[in-house]
Colleague: 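After the structure tokens below, expect a handful of questions from me.
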Amino acid sequence: MKTARPWHIVVFLAPAVIIYSMFSALPLLDTLRLGFYSISDAGVHSFVGLDNYRTILFDSDWSTAFWNAMWNNVKFFCIHMLLQNPIGLLLATLFSLKGLRGARTYRTLIFLPTLLSVVIIGFIWQLIISPLWGVGEKLMTLVGLGDYFAPFLGQESTALFTLSLISVWQYIGIPMMLIYAALLAVPEEVLEAAYAEGAGPMRIFWQIKLPLIWPTLGLVTILTFVANFNAFDLIYSVKGALAGPNYSSDLLGTFFYRTFFGYQAQVGSPTMGAAVATLMFLVILAGVGTYFYLVQRKLTRYEL
């Protein structure tokens, strides 16, 4: 008796595999390859091994900008972890309570900025906090904080933090909805049993709900990490490729843009840009690998 060959599996997988290979896997491999070459003024590529990486990491003309962008990216990620995800958890917990009036409207309004273009978000917030024509100073004056108003986007000490807060405001709906869905999936039988034994809302949250949504919190964390270390569009739309003032809001994404395409007096280099992109890929790969090795295994074992 002949065994049926699963040709239908190949037929259904082929479009996705072909598209992924053409637009993701092959460009990534070519980028990794290009980072080992240099290009002359005549457009001739020559193999240089790890020279591009040594230049970026250790040459004073390149390393200062690279490590500044790396450190800014770390701060950018930490602000999101300390503000966006805890606030998203709080909002999701509130919206999961039964009998909360207007919960659907509030969820929609909070999630709405996520659907808007980053260019629009950046332009709107530039208008709001502009010291010349923005309404930010008046609003802060109304609540008694007028003395603390400053050109937040124009100062080295506050530019990156301000952009981070704008990003948190725009994308807080994503962790909120993911955690909200996880809270809704908590079995009602478990909660009813806890209520029957006299457990209060706070005890139920900390000892029942929170442990059950740990996998979702881990997913939110790794998604935040990947998104933050790929961040580019908000910084570019608000501060341009120079990520001013004085590169104080420069991230790896804007540093890569200047390196690859060039900007003003800086001449673009596809090979150096490929090396920067490879370093970004390795940083993200290291973070994701660490998460899966140290965190995800424990969460999976906990679920079993």
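No hydrogens, no waters, no symmetry mates; every other heavy atom, side chains included, goes into these values.
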Colleague: Determine yes or no for a side-chain-to-main-chain donor-acceptor pair under 3.5 angstrom, with Ser96 supplying the side chain and Thr93 the backbone.
Modeller: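 Yes: the side chain of Ser96 pairs with the backbone of Thr93.
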Colleague: Hey, could you give me the OH/OG1 distance between Tyr171 and Thr114, rounded to the nearest 0.5 Å?
Modeller: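 Between atom OH of Tyr171 and atom OG1 of Thr114 there are 7.5 Å.
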Colleague: Going by the rule ring pair (Phe, Tyr, Trp, His ring centres under 6.0 Å), which residues pair with Phe58 if we only count those two or more places apart in sequence or in a different chain?
Modeller: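 Phe58 satisfies ring pair (Phe, Tyr, Trp, His ring centres under 6.0 Å) with no residue once adjacent residues are dropped.
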Colleague: State which residues pass side-chain contact (heavy atoms from CB on, under 4.5 Å) with Thr224; sequence neighbours excluded, sorted by chain then number.
Modeller: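 Listed in chain order: Phe77, His80, Met81, Gln84, Asn85, Val220, Asn228.
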Colleague: Using side chain to side chain donor-acceptor pair (under 3.5 Å) as the criterion, list what pairs up with Thr31, not counting sequence neighbours.
Modeller: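 Partners of Thr31 under the side chain to side chain donor-acceptor pair (under 3.5 Å) test: none.
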Colleague: Provide the full list of ring pair (Phe, Tyr, Trp, His ring centres under 6.0 Å) pairs with a residue in residues 85-144, sequence neighbours left out, each pair given once.
Modeller: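 Counting only pairs at least two positions apart or across chains, the ring pair (Phe, Tyr, Trp, His ring centres under 6.0 Å) contacts touching residues 85-144 are Trp125-Trp169.
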Colleague: Is a side-chain N or O of Thr278 found less than 3.5 angstrom from the main chain of Gly35, in a donor-acceptor match?
Modeller: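 No, the answer is negative, given that no donor and acceptor are paired below the 3.5 Å cut-off.
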Colleague: Pro270 and Leu34: which non-hydrogen atoms are nearest, and at how many Å?
Modeller: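 Here Pro270 and Leu34 meet closest at O-CD2, 3.7 Å.
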Colleague: Apply salt bridge (charged side-chain N to carboxylate O under 4.0 Å, His left out) to Asp250 and Arg258, showing your working.
Modeller: CA-CA 11 Å; Asp250 194 20; Arg258 293 195 308 273; 2.8 Å; yes
Colleague: Can you check whether Tyr247's main-chain N or O pairs, donor with acceptor, with Asn68's side chain at less than 3.5 Å?
Modeller: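 Confirmed, Asn68 side chain pairs with Tyr247 backbone.
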Colleague: Could you list the residues that satisfy side-chain contact (heavy atoms from CB on, under 4.5 Å) with Ala199, not counting sequence neighbours?
Modeller: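 Result, side-chain contact (heavy atoms from CB on, under 4.5 Å) vs Ala199: Ala194, Arg203, Ile204.
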Colleague: Which residues pass the side-chain contact (heavy atoms from CB on, under 4.5 Å) test with Tyr37, not counting sequence neighbours?
Modeller: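 For Tyr37 the side-chain contact (heavy atoms from CB on, under 4.5 Å) partners, ignoring immediate neighbours, are Arg33, His45, Phe47, Thr271.
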Colleague: Please go through Phe152's hydrophobic cluster and name the other residues, only I, L, V, M, F, W, Y counting, with side-chain heavy atoms under 4.5 Å joining them.
Modeller: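 The other cluster members (ILVMFWY side chains, heavy atoms under 4.5 Å, direct or chained) are Met140, Val143, Leu145, Tyr148, Phe149.
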Colleague: Suppose we screen for side-chain contact (heavy atoms from CB on, under 4.5 Å). Which residues come up paired with Pro86, at least two apart in sequence or across chains?
Modeller: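 So Pro86 forms no side-chain contact (heavy atoms from CB on, under 4.5 Å) with any residue.
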Colleague: Apart from Tyr20 itself, which Ile, Leu, Val, Met, Phe, Trp or Tyr residues share its cluster (side-chain heavy atoms under 4.5 Å, direct or through members)?
Modeller: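 Cluster partners of Tyr20: none, it stands alone.
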Colleague: Quick one: are Leu89 and Met176 in side-chain contact, heavy atoms under 4.5 Å?
Modeller: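 The answer is no; the side chains never approach within 4.5 Å.
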Colleague: Would a distance-only check, ignoring hydrogens and angles, find a side-chain to backbone donor-acceptor pair under 3.5 Å from Ser21 to Ala25?
Modeller: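 Judged by distance alone, no pair lies under 3.5 Å.
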Colleague: Identify, with sequence neighbours excluded, every residue that meets side chain to side chain donor-acceptor pair (under 3.5 Å) alongside Asn52.
Modeller: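 For Asn52 there are no side chain to side chain donor-acceptor pair (under 3.5 Å) partners, ignoring immediate neighbours.
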Colleague: If you look at every heavy atom in Ala243 and Ser249, which pair is closest and at what distance?
Modeller: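 Heavy atoms of Ala243 and Ser249 come nearest at O-OG, 3.0 Å.
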Colleague: Below 3.5 Å, can you tabulate the donor-acceptor pairs from side chains in residues 178-189 to any protein atom, sequence neighbours excluded?
Modeller:
{"unit_1": "Tyr180", "atom_1": "OH", "unit_2": "Arg107", "atom_2": "NH1", "d": "3.1"}

Colleague: Apart from Ile19 itself, what residues make up its hydrophobic cluster when side-chain heavy atoms of I, L, V, M, F, W and Y under 4.5 Å apart count as a link, directly or indirectly?
Modeller: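 Ile19 clusters with Ile18, Met22, Phe23.
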Colleague: Would a distance-only check, ignoring hydrogens and angles, find a side-chain to backbone donor-acceptor pair under 3.5 Å from Asn246 to Ser248?
Modeller: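 Side chain of Asn246 to backbone of Ser248: no pair is present.
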Colleague: Can you tell me how far CD of Gln170 sits from CG of Leu115, rounded to the nearest 0.5 angstrom?
Modeller: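 The CD atom of Gln170 is 9.5 Å from CG of Leu115, to the nearest 0.5 Å.
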Colleague: Indicate, with yes or no, if the rings of Tyr257 and Phe232 have centres closer together than 6.0 Å.
Modeller: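 Ring-ring flag for Tyr257/Phe232: true, centres closer than 6.0 Å.
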